[in-house]
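What follows is a short report on a single structure.
Letters A, B, ... mirror the listed sequences (proteins, then strands); counts begin at 1. Because the structure is predicted, anything quoted here is derived from the model rather than measured.
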Amino acid sequence: MARNQFRSPKGIRDVLPEEQPYWQHVESVIRETVRLFGYDRLDLPVFEETALFQRGVGEGTDIVDKEMYTFTDRSDTSITLRPEFTAGTMRAYLQNGMASLPKPVKLWSAGPVFRYERPQAGRFRQHTQFNVEAIGDQDPALDVEIMSVAWHLYKSLGFKNLSFQVNSIGCARCRPGYLHTLVVYYKDHVKEICDDCGKRLQKNPLRLLDCKQDQCQPVIRNAPPMVEMLCQECSVHFHALRTYLDELGRPYQLNNRLVRGLDYYTKTVFEVWAQDIGAQNAVCGGGRYDGLAEVLGGPPTPGVGFASGLERIILTMKEQNVEIPQVPGPRVFLAAQTESANRVIVRMLSDLREAGIAGVMGFGGRSLKARLREANRRGARYVLILGESELSRKRIQIKNMQGGEQREIAFEEVVSFFKEGDGSVSS
RNA sequence: GUGGGUAUAGCUCAGCCGGUUAGAGCGUCAGGUUGUGGCCCUGAAGGCCGAGGGUUCGAGUCCCUCUACUCACCCCA
């Protein structure tokens, strides 16, 4: 291994050609899903003003406190590579006057997001998210639609053993009261909880509920659940949500330990869990964020959405042996055996491509045997072979690589052979 | 930021208690008679054994340091 060779930065990966069939398949299923549900594409910049995320995602969240890629540009503006899509989506909604569009405004985006974390299985510093947001309506049926987008995507991909986790974390009206109750409860159990939970109790009490330490489990189990302390509005909303889910026959688990890490969530929060992405299990997470627009300086505007990590989706597909369509090889491979034959081949290949037929040729003057080996490796359906004797007759051998049949056709027939569909090669 | 594991060919990995020219499979390239792939056979190319230091007559192998990768925690997609 060369010593001073460059490597990609830590936690940043290449998506190699052999991985591309997975990506293409996921992307095509995503496109079909958003089409069915009537979402419009929104492309957002890869970086934004730092303050957008500080305010939108929230000071005190791990993302803002320790995971952002932040730098100043040449005019000393603080810039941050996007760590998620929701804040940017809301910014674009407000900036572009989308409030004047019929509500809800339904948008989707996809692309890389960046978080400075220690990489591990299913976690990278650059990963790709598929993001869906519906802005401008509080109807719980819209929460359910958002969840259905995720549901449909994973079903279409053929996932098994999916589990929907649902909770409501209330709103600015009822959450403070709940947090108080939770803190009071925990005060009686400080000696039983882990060190991290000691800190959470001070800093971010909601997080107490998703601690994984064994010693904390009994305390969590007996903790007062948020859903029982929701205000009237949140309670009605959550009840309606569950009614819709039941109506649709969607299996879900009421998980009152599901709290999620971003400040902007209100009412509905949900995740979809798949199994075996290393220690990670969430392929998707989202919820409602009715307070976000105001935090960003806009008028009160409710919204609901989710993000799903494509790398985790693909890991799950591999884990579950999901079938994916294979990317076809070239339709034809051209093999010339002499310099003069090569000139004819180059011209013929150009004509084929003009006619929309995918073709490749062999380079570098190797033996015919090597050419056929290469054609086989590349998955070519047909090989055109041109040697001296064919050249003198202005004809060319055409070989079907599946059955091996071969015959000779005239130069002028080549393009039409492929244009008019397969035509049998066996004579 | 905190722990554990690993580092030998392009890839996946052998290499026993330290001992001579460092191995396999896959992949690549070439050949197995006249211009024909897949299977099979043969051969070749390809390694300062992650870096630096130490112990020793002798280190891929033992010790120390560093680095990278990896898994896990925190947290998240």
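As the counterpart of C17(B), no nucleotide is assigned, since no Watson-Crick or G-U wobble pattern has both distances under 3.5 Å. Within the shown strands, nothing qualifies as a pairing partner of G46(B) under the Watson-Crick or G-U definition with both distances less than 3.5 Å. Using N1 to N3 plus N6-O4 or O6-N4 for Watson-Crick, or N1-O2 and O6-N3 for G-U wobble, each under 3.5 Å, U2(B) pairs with A72(B). Both distances falling under 3.5 Å, in either a Watson-Crick or a G-U wobble arrangement, place U67(B) opposite A7(B). Across all strands shown, U34(B) forms no Watson-Crick or G-U wobble pair with both distances under 3.5 Å.
In this structure, the CD1 atom of I385(A) is 9 Å from the P atom of U36(B), given to the nearest Å.
Across all strands shown, A380(A) has no heavy atoms under 4.0 Å from either base or sugar-phosphate atoms. When heavy atoms are screened at a 4.0 angstrom cut-off, A375(A) is found touching no nucleic acid atom at all. At the heavy-atom level, E117(A) lies under 4.0 Å from base atoms of the strands shown. R13(A) comes within 4.0 angstrom of no nucleic acid atom, judged by non-hydrogen atoms across all strands. Heavy atoms of S367(A) sit under 4.0 angstrom from primed sugar atoms or phosphate atoms, though from no base atom. Base contact: K66(A) has a heavy atom under 4.0 Å from a base atom. Base contact: E390(A) has a heavy atom under 4.0 Å from a base atom. Using a 4.0 Å heavy-atom cutoff across all strands shown, R260(A) reaches sugar-phosphate atoms only and no base atom. Nucleic acid contact for F124(A): base, since at least one base atom lies under 4.0 Å from a heavy atom of the residue. Q402(A) comes within 4.0 angstrom of a base, heavy atoms only.
Nearest nucleotide to the K399(A) side chain, out of A77(B), C74(B), G37(B): G37(B).
No hydrogens or angles were tested; on distance alone, nothing pairs the side chain of K369(A) with the base of U36(B) as donor and acceptor under 3.5 Å. You'll find a donor-acceptor pair under 3.5 Å spanning the side chain of R123(A) and the base of C75(B), going by distance alone. With hydrogens and angles ignored, no donor-acceptor pair closer than 3.5 Å exists between the side chain of R207(A) and the base of C74(B). Looking at R118(A), its side chain comes within 3.5 Å of the base of U2(B) through a donor and an acceptor atom. The base of G37(B) is paired with the side chain of N376(A) by a donor and an acceptor separated by under 3.5 Å.
When the C1' atom is used for both U12(B) and G27(B), the distance is 11 Å, rounded to whole Å. For the C1' atom pair drawn from G60(B) and C71(B), the interatomic distance equals 25 Å after rounding to whole Å. Taking atom C1' in both A9(B) and G46(B), the straight-line distance is 6 Å, to the nearest Å. Nucleotides C63(B) and G1(B) are separated by 28 Å at their P atoms, to the nearest Å.
Note: Y289(A) and Y264(A) meet the aromatic proximity criterion, with ring centroids under 6.0 Å apart. For Y69(A) and F47(A), the ring centers are positioned 6.0 Å apart or more. Aromatic rings from Y382(A) and F417(A) are positioned such that their centres are separated by under 6.0 Å.
Two residues, S8(A) and Q397(A), neighbour RNA chain B, and the one matched to the more 5' nucleotide by heavy-atom proximity is Q397(A). Two residues, R366(A) and R125(A), neighbour RNA chain B, and the one matched to the more 5' nucleotide by heavy-atom proximity is R366(A).
Exactly one of E27(A), R312(A), E311(A) qualifies for a side-chain hydrogen bond (donor to acceptor under 3.5 Å, both in side chains) with T128(A). That residue is E311(A).
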